[in-house]
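Heads up: the structure comes next, in structure tokens.
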Amino acid sequence: MSTPPGSSAPLPSPDAPAVQALVSFLEHEAAPSIVLDTEYRILAANTAYQRQFGVSEQQGVLGHKCFRVSHLYSVPCDLAGEHCPMKRARETRAPDRVLHVHHTPRGPEHVDVELRPILDSRGEVVAYVERMTSLTTASARPNGGGLVGRSEAFNAALAAIQRAAPASIPVLLQGESGTGKEMFARALHEASPRARGPLVIVDCTGLSETLFESELFGHERGAFTGANQRKIGLAETAHGGTLFLDEIGDVPLPMQVKLLRLIESGTFRRVGGVDTLRADFRLVAATHKPLREMVEAQTFRQDLYYRISAFPVHLPSLRERRDDIPLLVDSLLRRIGGGQRLRIDDAALQVLHDYAFPGNVRELRNILERARLFADDGTIRVRDLPPDVVQAPAAVASARPGGRRQASRLALMRALATFDGTRGELAAHLGISERTLYRRLRGLQAD
């Protein structure tokens, strides 16, 4: 056994009794798990890992570096610009958790990684156990439905959702219009213990006080003109599941006190009713409005704000996750194709990459919906894009002269330095076509 620099603890071998005992214990784990030494080498993998990630001991996983197997990197994750849980666990002697995009036989996937250090009698780290959970609520490759992304900003929001999902804490999704609040709320619901219950969506936009109360709490027959029969409210419908209040900043001020009572006590009365009813639900709210400023302006109740914002999650704008645009374009073209195979050429994709997208993903979809009507051969070109998009100043480049080109160049250079897979795998990792990758490589050589 060898000793790594800066450590007095010898590295265990795969055949060491302690490692074998740990592997035997991990066989009872439902989640894919591996044992790592302090130099990133995989010492053992349980059956669940081999099944989930399509590998076996015969394929030579044991003895290889974890960053090479999971990411196809040639260096540890922190040297490739990502968070490395082993580095944190080594420093703190405590577990660390991170959301990574892993390379799998099916392609890139979001994986929730929990790493626990194994300490010897002197408190020195001698090995690690890494437990992995693949996420089904989002995709890191082109997908015909649901959340899609793999950028740092997107992964941060997704990781926050995963943290909050097992608890019953109220979650407030904050982001611009078109950032996918309903899709994130659905992902939160599906990852929660209430996934088998209903997800009930309440659109708070444009509802008067009376209509909002009737929609949320329901009403009794004869409660008002036109109430010819009893109506079950959405809060009651959400019993056992999740109640999603979309654009909660639009809730009429007089209704906010009744909403607060519902959230705090879980009780309500139908309009025109006298019986107190109870609803058990998990609350998720969303808004694009500045609620803190509204509280200061006394247009939103302070007590309600603190009740719904126990776990705030920032949903990034498309400008913050610009690296996801090729992946989103591919996914959206699959969704709107209607059986037709659609694609986009590199020049048109570059225009979209540089556009500011004030309407975010919703606007991107609308642009592609329009462009496909002009793409007679199934290929969207610059001429098929709306003139205001083509003629708009390049959002990235205008922020700093040469900024977009320099950032793209540095990102490609870093990927070349850290990635250890094939050119096709590198293109997939970057979310671009192989043709685009070769074009960028030629440009890099020309520089």
task: Take V284 and R282, measure what side-chain contact (heavy atoms from CB on, under 4.5 Å) needs, and give me the verdict at the end.
output: CA-CA 7 Å; V284 179; R282 199 269 181 80; 4.1 Å; yes
query: For T237 and I232, what are the C-alpha separation, side-chain angles and deciding distance, and is it a side-chain contact (heavy atoms from CB on, under 4.5 Å)?
result: CA-CA 7 Å; T237 305; I232 303 300; 3.9 Å; yes
[X] side-chain N/O to [Y] backbone N/O, donor-acceptor pair under 3.5 Å:
X	Y	answer
T379	I344	no
R322	H353	yes
S331	L327	yes
E320	S317	yes
R372	G337	yes
H110	G149	yes
Q256	F300	no

Hey, are [X] and [Y] close enough for a salt bridge, meaning a charged N less than 4.0 Å from a carboxylate O?
X	Y	result
D324	R150	no
R261	E264	no
R381	D377	yes
K231	E215	yes
E363	R365	no
E236	R270	yes
E152	R321	no
K289	E247	no
D37	K65	no
R334	D330	yes

Does [atom1] in [X] sit with more than 12 non-hydrogen atoms of other residues, nucleotides or ligands closer than 6.0 Å?
X	atom1	value
K87	NZ	no
Q229	CD	no
E91	CD	yes
E293	CD	no
R93	CZ	yes

Between [X] and [Y], what is the shortest heavy-atom contact and its length?
X	Y	value
L147	A187	CD1-CB, 3.7 Å
L99	N155	CD2-O, 3.4 Å
S33	R131	OG-CG, 3.8 Å
I325	L352	CD1-O, 3.7 Å
Y128	P117	CD2-CA, 3.7 Å
V148	R141	CG1-O, 4.0 Å

Using 0.5 Å steps for rounding, measure from the [atom1] atom of [X] to the [atom2] atom of [Y].
X	Y	atom1	atom2	value
K181	H288	NZ	NE2	7.0 Å
Y73	C84	OH	SG	11.5 Å
D250	T287	CG	OG1	7.0 Å
T137	L158	OG1	CG	5.0 Å
L368	L385	CG	CG	8.0 Å
E130	C66	CD	SG	6.0 Å

For [X] and [Y], which I'm curious about, is there any donor-acceptor pair between the side chains at under 3.5 Å?
X	Y	result
Q50	T47	no
Q52	S134	yes
R292	Y305	yes
H28	N46	no

Any side-chain heavy atom of [X] sitting closer than 4.5 Å to one from [Y]?
X	Y	result
H239	F281	no
D384	L373	no
R68	H71	no
P386	I367	yes
Y355	L364	no
H100	P85	yes
T242	L188	no
D275	R269	no

With a cut-off of 3.5 Å and sequence neighbours excluded, list every side-chain donor-acceptor pair involving residues 166-176.
unit_1: E176; atom_1: OE1; unit_2: R319; atom_2: NH2; d: 3.2
unit_1: E176; atom_1: OE1; unit_2: N360; atom_2: ND2; d: 3.1
unit_1: E176; atom_1: OE2; unit_2: R319; atom_2: NH2; d: 2.5

task: Mind telling me whether F184 and F154 have parallel, tilted or perpendicular rings, with 30° and 60° as the class edges?
output: tilted
- request: Please state whether the rings of H102 and F53 are parallel, tilted or perpendicular, taking 30° and 60° as the class boundaries.
  value: tilted
message: Assess the residue pair E114 and R97 against the criterion (salt bridge (Lys or Arg N to Asp or Glu O under 4.0 Å)); give the C-alpha distance rounded to whole Å, side-chain angles, the decisive distance to 0.1 Å, and a yes or no.
response: CA-CA 4 Å; E114 181 184 51; R97 183 176 168 188; over 6 Å; no
task: Begin with the C-alpha distance, continue with both residues' side-chain angles, and end with the deciding distance and a verdict on side-chain contact (heavy atoms from CB on, under 4.5 Å) for K258 and L216.
output: CA-CA 10 Å; K258 294 183 180 180; L216 187 60; over 6 Å; no
message: Go through it in stages, so that I can follow the logic: the residues are D345 and I380, the test is side-chain contact (heavy atoms from CB on, under 4.5 Å), and I'd like the CA-CA distance, side-chain angles, deciding distance and then a yes or no.
response: CA-CA 6 Å; D345 71 9; I380 296 174; over 6 Å; no
